[in-house]
Amino acid sequence: MGETSSSSHSRQDPCVLGYGFHGAIANSTPANFFDQEGAAYFGELEETFMHQVASLTRTQQAATTSIAHHGDIKPFPTAATVTAATATARPPPTLDIFPAWPMRSLHTPKEGSNVTADSTDDSESSSKNNSNHSSDQHGAAADMQSQFDQVSQQQQLQHKNMATSSTPRTGKTPDRKQTIRRLAQNREAARKSRLRKKAYIQQLESSKLKLAQIEQDMQRARSQGIFLGGAPGANTTSSGAAMFDVEYARWLDDHGRRMAELHGALHAHLPDGDLRAIVDDTLTHHDELFQLKASAAKSDVFHLITGVWTTPAERCFLWMGGFRPSDLVKTLLPQLDPLTEQQLVGICNLQQSSQQAEEALSQGLDQLHQSLADTMAGGSLIDDTNMSFMGQMALALGKLSNLEGFVIQADNLRQQTLHQMHRILTVRQAARCFLAIGEYHNRLRALSSLWVSRPREILGADEGHCGEISIAAQASQSQFSSF
Amino acid sequence: MQYAAAEQAWYMPAAVAATTMAESAVASVERLASESAVVVFSVSSCCMCHAVKRLFCGMGVHPTVHELDLDPRGRELERALARLLGYGPAGSPVVPVVFIGGKLVGAMDRVMAAHINGSLVPLLKEAGALWL
């Protein structure tokens with residue numbers, strides 16, 4: 001019997017080992033109980049085995065060659081071989097089955113517990129399958145040989161057992177069924193998780209592409225927004241102004257972070273080289289703001305010059321769309337002590353020259369105002385008479401366009417003032433200077449928000465409530481007076 | 001503007017119109033620029049030019065001002081100035097342009113930068129426009 005089955009076994013193609021196995025079952029009498037109890041079951045599983053067998057062609061061949069050496073081929077061991085092949089291709093958890101076989105009688109109570117733990121095992125083994133799948137395939141072939149040596153010994157043992165009594169077999173059948181079922185479940189789980197992983201990766205790739213696309217669109221829209229800034233006149237905020245507001249908000253956030261960094265660096269007593277780098281970065285950051293303002297001036301000068309982008313308290317100090325450089329120098333002078341004689345002279349000169357430049361620009365702007373007023377009022381001093389309305393408007397438009405030149409020059413003045421401060425002062429003094437500037441503007445902004453949120457008497461309230469409200473207002477005002 | 005007439009009278013008799021005809025615009029500009037310590041090319045209606053004039057007056061400097069809109073060769077001079085400054089777009093105004101001691105300082109932004117970084121005053125002193 002063994003010979004017949006072995007010959008059929010060795011003759012047949014490894015790919016159709018499943019069929020050979022099935023045929024072997026039919027051929028051999030000791031496998032009768034299979035026909036009775038397990039044939040139908042094995043018929044169902046056959047397809048599963050086919051699948052596995054096809055994928056493990058190499059290992060099967062190794063298996064068949066090694067098995068062919070041992071003449072004791074039984075359907076039972078062959079099935080064991082097949083499942084061994086499939087099982088050893090997988091990581092250790094499923095290989096636990098092997099030691100159980102020679103000790104069938106002992107293992108039966110364990111099987112019960114194993115079945116309950118099946119569900120957890122499945123997930124574990126499937127996840128392990130996923131990770132170890134590829135690595136295992138290389139080690140599988142090597143493992144196979146050793147495993148099959150083991151298995152063949154077990155088979156010899158089993159053969160002896162089977163020859164003597166049939167009771168161990170009946171104990172083995174439900175175990176085998178469960179084992180095979182568990183293996184099938186493992187395979188399914190492994191396959192599912194592989195598919196899930198593939199789907200996830202595809203999703204990631206597609207969203208990466210989408211993100212790149214969106215970034216590109218945003219860049220394009222932003223650049224177009226700058227050009228189209230002048231077009232929408234009906235809107236209260238043109239796109240240029242809106243964009244500037246967004247960029248300014250971002251600049252403020254960045255500024256806050258840099259101030260904190262500078263503060264930390266200053267008090268950590270870093271070497272001058274490192275501090276200088278941070279201070280230079282801060283100066284560059286201020287330059288970036290002037291760049292932003294320059295492009296905003298080209299698209300919407302009134303947004304800058306009316307100070308809509310600043311807070312109320314800052315707005316009351318506004319000069320030509322920003323801070324007044326000479327005022328800033330005057331404020332900073334007492335904060336920068338101690339200064340050398342040379343530095344003091346330099347800063348006083350800076351204050352004077354910035355004041356003169358401011359004066360010049362202010363007078364230029366005054367002239368622009370005057371000229372514009374004259375144009376609007378009717379006849380102009382220099383030009384010809386008979387001016388139509390549209391002609392007047394055209395003239396006025398031309399004059400208005402000079403406004404952006406003034407704002408740009410004013411920003412230029414501010415930038416030059418900051419750069420000159422940076423040149424005159426030492427690194428540590430410059431750090432303190434930038435911190436002082438930041439803190440000063442922070443306080444102005446804080447003042448603005450406090451002012452906006454201050455409690456006020458509600459006008460138009462009826463008699464009954466008026467008294468209460470005024471009391472409440474007074475109470476909170478006294479609270480504020482302690483500030 | 002009376003500056004040009006006053007300065008011309010003090011320095012030397014004004015160059016005859018006939019001789020300037022043969023000159024190229026750039027050469028004219030350079031010649032005009034070297035005639036005084038401080039020369040400003042301006043347009044009478046330009047507010048920025050007014051600002052730069054006020055700046056010099058505030059410092060006690062009396063520049064020679066050439067109003068291009070009142071000069072018959074104004075257009076050419078303006079084009080020559082644009083080329084000297086390296087301006088590309090025709091839309092932006094060229095003036096005011098400042099020359100000190102015959103050398104080009106530049107437009108308003110350069111003048112202000114020079115003043116802030118403290119290089120304008122020595123330049124003026126060197127050209128003899130400032131004595132204090």
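Only this structure's heavy atoms are used, side chains among them; waters, hydrogens and symmetry mates stay out. In what follows, chains carry the letters A, B, and so on, assigned in the order in which the sequence lines appear, proteins first and then strands, with residues in each chain numbered from 1.
- Under the 3.5 Å distance criterion, with hydrogens and angles disregarded, no donor-acceptor pair is assigned to the side chains of A:Ser354 and A:Ser326.
- Within the 6.0 Å centre-distance limit, the rings of A:His286 and A:His255 are counted as a close aromatic pair.
- In this structure, chain B has a heavy atom under 4.5 Å from the side chain of A:Asn412, while its backbone stays farther away.
- A:Arg423 and A:Gln420 form a side-chain donor-acceptor contact under 3.5 Å, judged by distance and modelled atom types alone.
- Only the backbone of B:Cys46 comes within contact range of chain A, with heavy atoms under 4.5 Å apart.
- Classification of A:Arg324 and A:Glu359 as a salt-bridged pair fails, no side-chain N sitting under 4.0 Å from a carboxylate O.
- In this structure, B:Arg73 pairs ionically with B:Glu76, as a charged nitrogen and a carboxylate oxygen lie closer than 4.0 Å.
- B:Met112 touches chain A through its side chain: at least one heavy atom from C-beta onward sits under 4.5 Å away, while N, CA, C and O do not.
- With a threshold of 4.5 angstrom between heavy atoms, A:Gln367 approaches chain B through its backbone and through its side chain.
- Comparing A:Gln409, A:Gln352, A:Gln370 by heavy-atom pairs within less than 4.5 Å of chain B, the highest count is held by A:Gln409.
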